[in-house]
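Data block below; observations after.
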There are 2 protein chains.
Amino acid sequence: MSYEELAPRKMRILKAIVDDYIQSMEPVGSRTIAKKYEVGLSSATIRNEMADLEDMGYLSQPYSSAGRVPSDKGYRIYVDHLIEIDESKFSEYNRLLNYYEQRINELGQIIKVMTKLISKATQYTSFSMKYKTRSSIIKACQVVPIEKGRALVVVVLGNDLVRNKIVNIDYSIELDTIVRLSNILDRKLSGCRAEGISVIIVNEIVKESCMDRHLILPLVDGIIDCLQHAEEVELYTEGASNLLMHPEFFDVNRAKAVLEVVHDTDIVVQLLKKSAEAGGLMVRIGQENDFDEISDCSIVTATYRINDVELGTIGVLGPTRMDYQKVISSLEYIRKKLNQDMPHRLEGS
Amino acid sequence: MSYEELAPRKMRILKAIVDDYIQSMEPVGSRTIAKKYEVGLSSATIRNEMADLEDMGYLSQPYSSAGRVPSDKGYRIYVDHLIEIDESKFSEYNRLLNYYEQRINELGQIIKVMTKLISKATQYTSFSMKYKTRSSIIKACQVVPIEKGRALVVVVLGNDLVRNKIVNIDYSIELDTIVRLSNILDRKLSGCRAEGISVIIVNEIVKESCMDRHLILPLVDGIIDCLQHAEEVELYTEGASNLLMHPEFFDVNRAKAVLEVVHDTDIVVQLLKKSAEAGGLMVRIGQENDFDEISDCSIVTATYRINDVELGTIGVLGPTRMDYQKVISSLEYIRKKLNQDMPHRLEGS
DNA sequence: GTTAGCACTCACCTATAATGAGTGCTAATC
DNA sequence: GATTAGCACTCATTATAGGTGAGTGCTAAC
């Protein structure tokens, strides 16, 4: 969709309307704009401009003599051209972040904390998603004997994520055989990409171990299982009930529909993944969302990368009448923060 | 609290009132009882009995000329003495359960599925909690080398739960040293209870490995870390938004307060743990709950054990006006089901 | 001990009127 | 030609008042 250029004055008025409506949720009238915002114009002139903006589809009127309300198209132009990102206000994040700093020991944890902060600060619902691994190179793998007939397969993946699975093995296999096997598997498979475990490699393992194929297969299957699970994502939701604070969800049915989406892991992951594809920041407004249940909601997502390694995606879901400025600024702020903090963290522990 | 004995007729009337109110949420009048329920009495007589029941605190009146509503005390006597558990209706569970049966591969999974079914069937919110491990005997432990200076500690616990942690080790340690160390650790610590890793054992390990103490300590610390995390619980929530379907939560503020509790992992765990202490089935009605936010809610919890091994706790949260009969029957049904299914599962995979 | 009858209470519903924020249009002004 | 002031009109929202009915407590009769 391309948007015709709008005269600067129309832009100013549109911005004022959206700003006001975001704050009050009341249809905003021409007099309000004339009084509260510094557009040196009378209400009558503004009235005319508003009529134009409505004709162009940026505003709409709930009923004939009410004020104007931004349409999805209006929000879109607001988000694309009228927002002023202001990161100066987020010192609160810093304070809270420092508090957590010391106890953060895992890569994903920092994003989790951010998610919590965002939901607190914005009063919307926020999500964070992290691929359990993306660069699924096998860094190391090992077989741990548990007891006769059973062993644990452990795989360490490219980004230090660990996956494991208990497998049943032949009763006849002795403990030290497992240790030997474990070393062979580790040597053969380390460095492999997930999809690179070919039959050829398995054959080599069989040959080198001098053992029967059917004794080894359960172990290899276990390893492959670990890798498949590795494509899973970890989802973290914060502040779902915040949505109930916003008047648009005072109606129980609306609220229920939205909360069902919020609690549906599959849908949320789908939504966040879209952002990852697009890369960087993404705003989907109202009907632009694929799901009808949230056609009166907006989603802002940001996917963070360092050295082309995808760290995760953070998303915020709120009513279409969302404080885009605050949300977008927050996510941008976090991007800076991550770029600043993560590199040393990545080489560090 | 001890409750005075109630005359059988009063009991019958009380049951009728609670049954009706649970279904309709409307204050129930004497005429309704006389017509809909088979107590061969006139409305006037019932009126007198109701007045008595109100005096005794089992009922209350929203306003002077309205019907009666059960009080917490009324629900209590209903739950304790008037419920008929009927498990015949839950064939639906069976059908759904069979569908999932094949894909259940983990111990806790079956409880998760049950949780989902319950929330669907009852239209309330349900939880399941599982200790990540309770019998924290070390079944096996192993050190997996990842790369120079780093290794992965893996601990398999009594109930087949696996925990792991990446630790930094001295740069000078060679790969085969780790393998040797791993075997020593496994031999020395297998069979240990979590709290039984004494300094003596560590000293033995140091001696046998002929290595410096400070080289080994990071590994031992890693193992201990794994065990400490083992006391954590896993919580699973299903159907949070179901609560919004019940009229008592049409008010946004009530709904928000309750949903906040539902989403607060710590509080929910606390609630469910209480049940574990009490053992078996537990019903907490309205004000009996420790948290004000849910003083208009009831919680039914059931902790399941087999051979004194705690499998987990399932809980249902809904409005005080809850279909206790259905909820309690469901949880009892599941207890039967678990006793039937789990034993072979436990020895099996 | 039980029941029928009756006056009384009080939430809830409905209709109507009053209010006021906001508009579109027209004519006067810069 | 663009801007503004003025005015009649629209329509959601709020307040008020009367009517309705479910349910009670009490009394007297069975």
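Below, read A as the first sequence line, B as the second, and so on, with proteins coming before strands; counting in each chain starts at 1.
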Discussion item. What's the closest nucleotide to the side chain of B/Gln61 if the choices are C/dG22, C/dT3, D/dG25?
Written reply: D/dG25
Practice prompt. Can you check whether any acceptor in the base of D/dG6 is under 3.5 Å from a donor in the side chain of A/Arg47, or vice versa?
Written response: yes
Discussion item. Quick one, B/Asp19 with B/Tyr78, criterion side chain to side chain donor-acceptor pair (under 3.5 Å). Give me CA distance, side-chain angles, the key distance, then yes/no.
Written reply: CA-CA 9 Å; B/Asp19 278 341; B/Tyr78 176 83; 2.6 Å; yes
Worksheet entry | Shortest side-chain distance from B/Met50, nucleotide among C/dG24, D/dA12, D/dT24 | D/dT24
Worksheet item: If you look at every strand shown and take non-hydrogen atoms under 4.0 Å, does B/Ser43 touch a base, only sugar-phosphate, or nothing?
Response: nothing
Item to complete: Check whether any side-chain heavy atom of B/Thr301 lies under 4.5 Å from a side-chain heavy atom of B/Leu271, and answer yes or no.
Response: no
Worksheet item: At under 4.0 Å between heavy atoms, what does B/Ala66 touch on the DNA or RNA strands: base, sugar-phosphate, or nothing?
Response: sugar-phosphate
Fill in: Proximity to the side chain of B/Ser42 - top-ranked nucleotide from C/dA4, C/dA21, D/dG23
C/dA4
Worksheet item: Looking at the side chain of B/Arg68, which of D/dG25, C/dG24, D/dT3 is the nearest nucleotide?
Response: D/dG25
Discussion item. Expressed as a whole number of angstroms, how long is the span from A/Asp52:CG to C/dC25:C1'?
Written reply: 15 Å
Worksheet, complete the sentence: Whole-Å distance, A/Arg9 CZ to D/dG1 P, equals 16 Å
Worksheet item: What nucleotide among C/dA4, D/dT4, C/dC10 has an atom nearest to a side-chain atom of B/Ala44?
Response: C/dA4
Worksheet entry | Separation of D/dA5 P from A/Leu41 CG (nearest whole Å) | 11 Å
Response to the item:
Rounded to whole Å, CD of A/Glu26 lies from P of C/dT23 at a distance of 13 Å
Fill in: Intermediate values then yes/no, side chain to side chain contact (heavy atoms under 4.5 Å, CB included), B/Tyr63 and B/Ser65
CA-CA 6 Å; B/Tyr63 54 91; B/Ser65 74; 3.9 Å; yes
Item to complete: Verify the contact: side-chain N or O of A/Ser64 to OP1 or OP2 of D/dC11, cut-off strictly under 4.0 Å; return yes or no.
Response: yes
Worksheet item: Rounded to the nearest Å, what distance is computed from the CD atom of residue A/Glu49 to the P atom of nucleotide D/dG1?
Response: 17 Å
Worksheet item: Can you check the B/Ile46 CD1 to C/dG1 C1' distance for me, whole Å?
Response: 15 Å
Practice prompt. Would you kindly check whether a donor in the side chain of A/Ser65 faces an acceptor in the base of C/dT23, or vice versa, at under 3.5 angstrom?
Written response: no
Worksheet item: Out of D/dG25, C/dG24, C/dT3, which has the shortest distance to the side chain of B/Asn48?
Response: C/dT3
Discussion item. So that I know where these two stand, are B/Tyr75 and B/Tyr324 an aromatic pair - ring centroids less than 6.0 Å apart?
Written reply: yes
Worksheet item: Would you say C/dT3 has OP1 or OP2 under 4.0 Å from some side-chain N or O of B/Arg31?
Response: no
Worksheet, complete the sentence: Ranking B/Tyr63 and A/Gly67 by the position along DNA chain C of their nearest nucleotide, the one closer to 5' is B/Tyr63
Worksheet item: A/Ile13 has an atom CD1; how far is it from atom P of D/dT3, in whole Å?
Response: 10 Å
Worksheet entry | Gap separating the CD atom of B/Gln270 from the CE atom of B/Met129, nearest 0.5 angstrom | 11.0 Å
